Amino acid sequence: MKDTKSTVLEKAEKTYQLLSGDEACRGQASHVRELADRLKNQDITVAVLGQFKRGKSRLSNAILESSVLPVGIVPITSAVTKVVYGKKAQAEVHYQNGVVESVPFEQLSAFISEQENADNRLGVASVVIHVPSRFLKNGLTFVDTPGVGSFHKNNTETAYQYMKESDAVIFLLSVDSPINQIEIDFLRNTREFAGKFYFAVNKIDVVEEEELQQYMDYCRQLLCRLTDSADVAMFPVSAKTGQGVEELKKAILRDCKKSAGEILEASTEKKLKDAIDSALRQLDFYWKAMNMEYKELDERFAEISETIAEIKAEAEEADGLYEVRLNEIKLRLSEKVKALFGMEFHYDIDSLPEGIVTMSKEDFLQKTALLCDSLRETLDRILLYREENAYTVVRRINNINKLSRQLRKIKSEL
Ligand SMILES: Nc1nc2c(ncn2[C@@H]2O[C@H](COP(=O)(O)OP(=O)(O)OP(=O)(O)O)[C@@H](O)[C@H]2O)c(=O)[nH]1
Ligand SMILES: [Mg+2]
């Protein structure tokens, strides 16, 4: 009999094979590849999620026995902050355009705090911190995230996007406020993606024992209802005094040691379902595009041609930082395709550590032209733009149908 682990992995591999065979689903294929690799390598991510000001960053500091993450009375965390084990403490900022830059710890808040990097105007994708924490020694990645529900919408969006990536979640509540609708909605969404939950209740230092008991009973009942469970494990903690933090850490470490495989499988299974849904939506889009009026399709193709011409003209004017420009062009092209055709168009964004600037202008112009021309060709081909050969159309429709059926079958077995 097969064990479930190989089954989930096999399904991920099979899904990857199917998706990578159709250029319409490149983005989903590369996502599924990552999922399969993480499951194979048993790379587990534990993230702290919750509403703003519940004490996520302060609890993260308490767990990591450091004070590296900025904490405050106003909404603070504005960027996803990943913490991994490293003998030497160091930090680097990963920008959306692929640039990676080392920064001293003292300057971290310039990148991850709402006050200093308002609305993420610096374009930070994430910050990676290396600390010699015992908690991380077995290879887990710990993540502090921006809080949901504050005035700063960008933080809510970042947290919602990130929650799709964590395997285990510390969902942080706080005794100074009963669980509310913002938290319930966020929890419902997070449950679609994570394999394991730790419900922690923070700030227990501000209430009497009796009040705490009332709060815990109330929350437990509500969480049982929300998660359809007979009981849920809850961890009362104080990030301020450290009370209860050891118990939470112990539970996480025990689970990561004993059942990392199971947690990862459960999480991969959910993420795989989501990737398949996204591929099915994409394929459905092609159906619709095939029925689109020529006039409408013509207009959209004219607009993408305009963007391409603009990009090429701007590239001629560019003067330096060519690797960065190329990543920016990729981001711009996929954004445009999304806006015009409603479909995800995936490019790998090259990671650009400091000092790696080697591309010549000639090379840059050539690569830009290649990106632009191949986008046009791919769109022409997958949208059957001006395709008059009935055989090609029928074959494409059959392929889409077949792929959709195969994906639905895998999904139904998950
Ligand atoms: N009394 C008490 N205060 C706490 C505790 N944990 C956090 N705080 C305070 O609560 C406020 C918010 O803490 P943060 O850690 O910044 O909260 P956060 O959830 O990371 O906030 P965002 O990043 O904005 O989402 C700060 O003033 C903290 O000092 C705790 O256990 N007890
Ligand atoms: Mg924070």
Side-chain angles (χ1 to χ4, degrees), residues 46-83 91 93 105 107-120 122 124 126-129 131 142-163 166 169-187 189-190 197-209 211-212 215-216 219 234-249:
V46 181
V48 191
L49 299 177
Q51 194 175 341
F52 68 106
K53 301 279 62 75
R54 294 311 189 220
K56 296 178 295 302
S57 301
R58 191 157 182 180
L59 178 66
S60 303
N61 282 337
I63 287 176
L64 300 166
E65 295 169 55
S66 92
S67 53
V68 64
L69 300 166
V71 166
I73 195 80
V74 290
I76 292 284
T77 312
S78 63
V80 167
T81 313
K82 302 178 185 175
V83 194
V93 176
F105 271 20
Q107 284 172 26
L108 272 179
S109 66
F111 304 92
I112 52 182
S113 97
E114 183 56 48
Q115 283 61 39
E116 295 181 60
N117 178 19
D119 280 337
N120 194 17
L122 298 177
V124 175
S126 66
V127 170
V128 180
I129 301 177
V131 288
F142 186 83
V143 185
D144 182 27
T145 62
V148 295
S150 80
F151 168 77
H152 306 281
K153 286 209 172 60
N154 192 50
N155 294 346
T156 301
E157 281 162 19
T158 308
Y160 263 88
Q161 249 166 34
Y162 185 75
M163 60 106 190
S166 40
V169 165
I170 301 175
F171 199 90
L172 192 59
L173 303 164
S174 166
V175 279
D176 52 5
S177 153
I179 188 163
N180 62 34
Q181 196 58 43
I182 292 172
E183 290 169 310
I184 292 173
D185 291 343
F186 191 40
L187 175 60
N189 277 281
T190 310
F197 280 86
Y198 301 90
F199 292 102
V201 175
N202 194 23
K203 307 195 188 181
I204 59 170
D205 56 284
V206 301
V207 289
E208 301 298 327
E209 183 58 37
E211 284 178 322
L212 176 62
Y215 182 93
M216 297 295 281
C219 263
M234 291 179 72
F235 297 84
V237 293
S238 165
K240 185 177 179 182
T241 66
Q243 203 185 338
V245 175
E246 250 342 280
E247 283 80 351
L248 175 62
K249 280 169 77 169

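These figures come from a predicted structure and were not determined experimentally. One-based numbering, in listed order, for ligands and for the atoms of each.
- Between the side chain of Thr145 and the backbone N or O of Val48, at least one donor-acceptor pair lies under 3.5 Å.
- At the top of the distance list for atom 18 (P) of ligand 1, counting protein heavy atoms only, stands Lys56 N, 3.4 Å.
- Remark: among candidates Gly72, Gly242, Ser238, Gly55, the nearest residue to atom 11 (C) of ligand 1 is Gly72, based on non-hydrogen atoms.
- Closest heavy-atom approach to atom 28 (C) of ligand 1 among the candidates Val148, Val48, Val71: Val71.
- Within the model, atoms CZ of Phe105 and CD1 of Ile129 stand 5.5 Å from one another, a figure rounded to the nearest 0.5 Å.
- No more than 12 heavy atoms of other residues, nucleotides or ligands shown are found within 6.0 angstrom of CD on Gln243.
- Checked by distance only, ligand 1 and Phe52 stay at 3.5 Å or farther apart across all their nitrogen or oxygen atoms.
- Under a 3.5 Å cut-off, the side chain of Lys203 and the backbone N or O of Leu173 do not form any donor-acceptor pair.
- Among the atoms of Thr145, no N, O or S atom falls under 2.8 Å of the Mg ion (ligand 2).
- The residue among Thr77, Leu49, Leu69 with a heavy atom at the shortest distance from atom 23 (O) of ligand 1 is Thr77.
- Atoms of ligand 1 found under 4.0 Å from any heavy atom of Ile73, numbered from 1 in the order shown, are 27 (O).
- In terms of protein heavy-atom proximity, atom 6 (N) of ligand 1 is nearest to Asn202 ND2, 3.1 Å.
- If you check the side chains of Ser57 and Asp144, you find a donor sitting under 3.5 Å from an acceptor.
- Atoms of ligand 1 lying under 4.0 Å from any heavy atom of Val206, numbered from 1 in the order shown and given with element: 1 (N).
- The option with the heavy atom closest to atom 2 (C) of ligand 1, from among Thr81, Ile204, Asp205, is Asp205.
- Although no hydrogens or angles enter the test, the distance criterion places a donor-acceptor pair under 3.5 Å between the side chain of Lys56 and the main chain of Gln51.
- In this structure, the protein non-hydrogen atom closest to atom 10 (O) of ligand 1 is Lys203 NZ, 3.1 Å.
- Without hydrogens or angle criteria, Asn61 side chain to Leu69 main chain gives a donor-acceptor distance under 3.5 Å.
- Nearest non-hydrogen protein atom to atom 15 (O) of ligand 1 is Arg58 N, 2.8 Å.
- Put simply, the side chain of Tyr215 gets close to the backbone of Ser174: a donor and an acceptor are under 3.5 Å apart.
- Going from atom CG of Asn117 over to atom CG of Leu108 covers 12.0 Å, rounded to the nearest 0.5 Å.
- Considering only non-hydrogen protein atoms, atom 31 (O) of ligand 1 sits nearest to Ala239 N, 2.9 Å.
- With rounding to the nearest 0.5 Å, the separation of NZ in Lys249 from CD1 in Ile170 is 10.5 Å.
- Here Ser60 fails the criterion, with no N, O or S atom under 2.8 Å of the Mg ion (ligand 2).
- Heavy-atom proximity to Gly147, at under 4.0 Å, picks out these atoms of ligand 1: 25 (O).
- For atom 22 (P) of ligand 1, the nearest protein heavy atom (residue, atom name, distance) is Lys53 NZ, 3.4 Å.
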